[in-house]
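Per chain, numbering begins at 1; letters A, B, ... match sequence-line order.
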2 protein chains.
Amino acid sequence: MAEAAPRRHPTLDEVAERAGVSRSVASRALNNAPHVSRAKREAVERAVRQLGYVPNPTARALATRQTGAAALIVSGEDPSIFADPFFARVIVGASAALDEADLHLMLCLAASDRGRKRVEELLRSRGADGVMLMALREDDPLTRMADEAQMPVVFGGRPVGPAPRWYVDVDNVGGAREATEHLVSLGRRRVAVICGRLDTEAGRARYRGYRDAMLGAGLDPFPPLEGDFTERSGAAAMTALLAEHPDVDGVFAAKDNMAAGALRTVREAGRRVPADVAVVGFDDLTVARIADPPLTTVHQPVEALGREMARMLVALVNGQDPTPLVLPTRLTVRASA
Amino acid sequence: MAEAAPRRHPTLDEVAERAGVSRSVASRALNNAPHVSRAKREAVERAVRQLGYVPNPTARALATRQTGAAALIVSGEDPSIFADPFFARVIVGASAALDEADLHLMLCLAASDRGRKRVEELLRSRGADGVMLMALREDDPLTRMADEAQMPVVFGGRPVGPAPRWYVDVDNVGGAREATEHLVSLGRRRVAVICGRLDTEAGRARYRGYRDAMLGAGLDPFPPLEGDFTERSGAAAMTALLAEHPDVDGVFAAKDNMAAGALRTVREAGRRVPADVAVVGFDDLTVARIADPPLTTVHQPVEALGREMARMLVALVNGQDPTPLVLPTRLTVRASA
DNA sequence: GCTTCCAGTGGGAGCGCTCCCAAAGCGCAC
DNA sequence: GTGCGCTTTGGGAGCGCTCCCACTGGAAGC
């Protein structure tokens with residue numbers, strides 16, 4: 001290209017002029033719209049190539065009132081929640097689906113005051129065509145913001161309280177039930193639970209699943225022993241458990257991280273897994289395979305979760321009315337139980 | 001608010017009218033610009049409140065030629081590279097820094113053809129005010145795209161080849177050297193290495209650090225045994241290592257995941273860590289603490305990496321010319337060595 | 001008293017695109 | 001030859017904001 005390539009980007013007007021057509025025709029040609037003769041279409045394409053024209057997405061956004069972006073908003077108490085590899089996998093799935101719909105992904109960590117403030121601005125200003133919301137806690141300020149948002153909202157995992165209109169979730173109750181039933185089927189009778197945060201619906205649902213299974217087997221469910229989904233909290237919970245119930249022979253931990261922490265504690269206490277205490281986790285992320293022994297755990301389709309959230313959002317943006325989705329979980333048996 | 005709150009968002013014109021001022025004054029008041037009397041400023045603020053006005057970021061972007069967003073682009077061979085918790089931590093850091101500068105974070109996974117195509121569009125269309133680039137491989141197509149990008153580019157980790165103008169990296173060579181020296185100081189003499197991908201600068205630099213330390217100690221460095229930064233590849237490499245060099249007594253793995261894989265293999269081969277084989281990793285992410293035994297590893301300041309990348313980008317966007325940055329690493333001694 | 005200056009103000013021209021709509025061109029049935 | 005209906009075309013009015021600039025009037029300086 002021997003063009004003097006000015007620093008400025010060429011505009012559609014310049015393309016039109018060069019192609020000897022009007023701006024309207026050039027615009028139509030560019031968007032593959034009808035009502036453009038073959039000759040002019042080609043002339044426009046040629047001009048685009050010669051000028052190295054790239055449409056200005058901002059101008060297009062202003063004219064169409066569509067930003068071309070979707071936001072993934074992760075709530076939580078502090079930003080380190082995002083260190084959970086769970087979100088990374090959600091993003092892999094969501095990103096692929098958004099790519100297909102030619103939407104960009106904006107990522108907002110709403111786990112700080114500053115972050116929440118910016119999310120609120122985004123929601124109120126229509127800075128995206130729609131949003132996906134994750135990791136909401138009870139009475140999360142994001143719930144209200146989402147209600148007032150001037151754009152489609154898809155929830156990833158149901159929030160505590162009434163189910164929103166559009167969400168994608170995994171079968172937390174069923175997964176937890178299956179995990180617990182597995183422990184029972186192994187002959188364990190004193191099966192304890194290390195819950196996730198009970199101010200999240202996932203935490204509650206997994207406890208319900210555990211409880212259902214215990215009652216169904218005619219066993220006494222343990223009261224909820226709450227962790228915060230981290231390795232450290234799992235270890236701490238296990239320490240408390242061993243102190244209070246030295247005869248525990250099975251543990252369902254509502255998250256692999258916590259299960260790994262429990263494993264460590266059990267080991268340090270000189271007991272064997274699974275011989276003395278069998279442990280089942282929840283998630284089936286990398287840590288489950290790295291743990292020693294490798295974790296029996298409830299597999300949840302994390303990338304699919306992200307993908308389906310994104311697809312649901314795309315449907316909403318396109319004016320459709322998709323139905324909520326609950327994805328199945330399934331037990332993956334390894335060495336820990 | 002008893003306003004009939006029409007579906008449409010109020011515009012700045014309506015705010016101005018309601019406040020009894022011109023659009024210019026309203027604009028200035030909104031942006032805290034000078035040349036607005038106290039009375040009118042307050043009138044505008046009142047009108048904004050009454051109308052529930054929120055500025056339209058797209059219109060602002062078009063007028064100012066600033067999108068208000070920065071993109072983090074993650075390259076790689078396939079999208080699962082993003083499952084590495086490393087990136088999540090980078091994002092936590094970058095997000096905080098961008099929040100401070102009132103920039104939104106766009107996340108682009110360029111590890112698929114589709115993703116790369118969209119990144120190229122983004123780069124050419126000025127869809128962001130600047131970009132951060134990570135995980136580039138040798139001859140990565142993103143290198144060329146970045147060269148031609150019409151916006152500031154900050155590299156996270158140097159790419160293979162000549163160093164770019166602006167980057168933030170960690171001291172891979174120094175970290176690897178320290179890890180190896182630690183093994184040597186423990187009396188290990190047959191210290192092998194499980195490299196990261198050698199088509200990345202991080203992989204190469206960590207091998208160089210290992211090699212330097214071995215030569216410095218008068219020992220024979222092992223030839224590079226390449227993994228791909230995953231647990232599985234670490235395990236496979238360790239298997240090969242044990243077969244070929246049964247007398248190996250120390251291993252430096254260029255990534256915690258690979259170290260964890262090596263740990264598993266060593267254990268399965270009936271040897272003890274660290275008694276028979278001492279292992280040092282690199283990263284110091286969660287997996288290092290979960291591994292059994294907990295990993296001695298080179299800690300790298302991942303969130304700081306993200307934060308500094310974002311800050312550097314903000315500086316560039318503001319027309320400054322920051323200097324490249326190499327962040328220190330430090331050895332964290334745990335049980336595996 | 002007069003100029004000089006400057007904070008304060010509003011008009012208006014963009015930013016680069018989409019899209020409505022009126023007008024033009026053309027084939028075809030009558 | 002006329003009228004109808006179709007595709008094709010381009011003019012122009014936005015989308016909602018910023019920012020330049022010309023203008024006003026009162027305070028300060030001489």
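- At whole-Å resolution of the value, CZ in R23(B) and C1' in dG14(D) are 13 Å apart.
- Distance CZ (R126(B)) to P (dC17(C)): 14 Å, rounded to an integer number of Å.
- Rounding to the nearest 0.5 Å gives a distance of 8.5 Å between CD of Q66(B) and CG of L103(B).
- Comparing dC17(D), dG10(C), dG10(D) against the side chain of Y53(B) picks out dC17(D) as the nearest.
- From F155(A), atom CZ reaches atom CE of M312(A) across 12.0 Å, with rounding to the nearest 0.5 Å.
- Classification of R137(B) and D199(B) as a salt-bridged pair fails, no side-chain N sitting under 4.0 Å from a carboxylate O.
- In terms of phosphate contacts, R65(B) brings no side-chain nitrogen or oxygen within less than 4.0 Å of OP1 or OP2 of dG14(C).
- Contact between the side-chain N/O atoms of S27(A) and the OP1/OP2 oxygens of dT18(C) is found at a separation under 4.0 Å.
- Residue H35(B) contributes atom NE2, which lies 18 Å from atom P of dC23(D) at whole-angstrom precision.
- For T58(B) against dG16(D), no side-chain N or O and base N or O form a donor-acceptor pair under 3.5 Å.
- Ionic pairing of E120(B) and R116(B) is not present here: no N-O contact between side-chain nitrogen and carboxylate oxygen is shorter than 4.0 angstrom.
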Worksheet item: Going through the distances and angles, do L316(A) and R165(A) end up as a side-chain contact (heavy atoms from CB on, under 4.5 Å)?
Response: CA-CA 11 Å; L316(A) 283 168; R165(A) 178 88 181 261; over 6 Å; no
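- Protein atom CD of Q66(B) is 17 Å distant from nucleotide atom P of dC17(D), rounded to whole Å.
- Looking at heavy-atom distances under 4.0 Å, P34(B) makes no contact with the nucleic acid at all.
- OP1 and OP2 of dC15(D) both lie 4.0 Å or more from every side-chain N or O belonging to N56(B).
- The CZ atom of F87(B) lies 10.0 Å from the CG atom of L107(B); values are rounded to the nearest 0.5 Å.
- If you take CD of E17(A) and C1' of dG10(D), they are 14 Å apart, rounded to a whole angstrom.
- Contact annotation for S24(B): base contact, defined as any heavy-atom pair under 4.0 Å involving a base atom.
- L136(B) pairs with exactly one of S75(B), P164(B), P141(B) by the side-chain contact (heavy atoms from CB on, under 4.5 Å) rule, that one being S75(B).
- You'll find that the side chain of K40(B) is closest to dG10(C), out of dG10(C), dG10(D), dC17(C).
- Nearest-nucleotide mapping onto DNA chain C: of A63(B) and N31(A), the residue sitting toward the 5' end is A63(B).
- Here dG16(D) is the nucleotide among dG16(D), dT18(D), dC20(D) with the atom lying nearest to any side-chain atom of A59(B).
- Between dG10(C) and S22(B), a contact under 4.0 Å exists linking OP1 or OP2 to a side-chain N or O.
- Atom pair Q150(B):CD and dG16(C):P shows a separation of 14 Å (rounding to whole Å applied).
- Across all strands shown, T11(A) has heavy atoms under 4.0 Å from sugar-phosphate atoms exclusively, and none from any base.
- Rounded to an integer number of Å, the gap from CG of D13(A) to P of dC15(C) is 10 Å.
- The structure places CG of D13(A) at 15.0 Å from CZ of R18(A), a figure rounded to the nearest 0.5 Å.
- With dT9(D), dG10(C), dT18(C) as the candidates, the nucleotide lying closest to the side chain of R60(A) is dT18(C).
- Terminal axes of the helix from dG1(C)-dC30(D) to dC30(C)-dG1(D) (five pairs each, C1' rotation axis) are separated by 50°, to the nearest 10°.
- One can place CD of E14(A) at 13 Å from C1' of dC15(C), the figure rounded to the nearest angstrom.
- Of all nucleotides listed (dG16(C), dC19(D), dT9(C)), dC19(D) comes nearest to the side chain of T64(B).
- Nucleic acid contact class of P57(A) (heavy atoms, under 4.0 Å, all strands): none.
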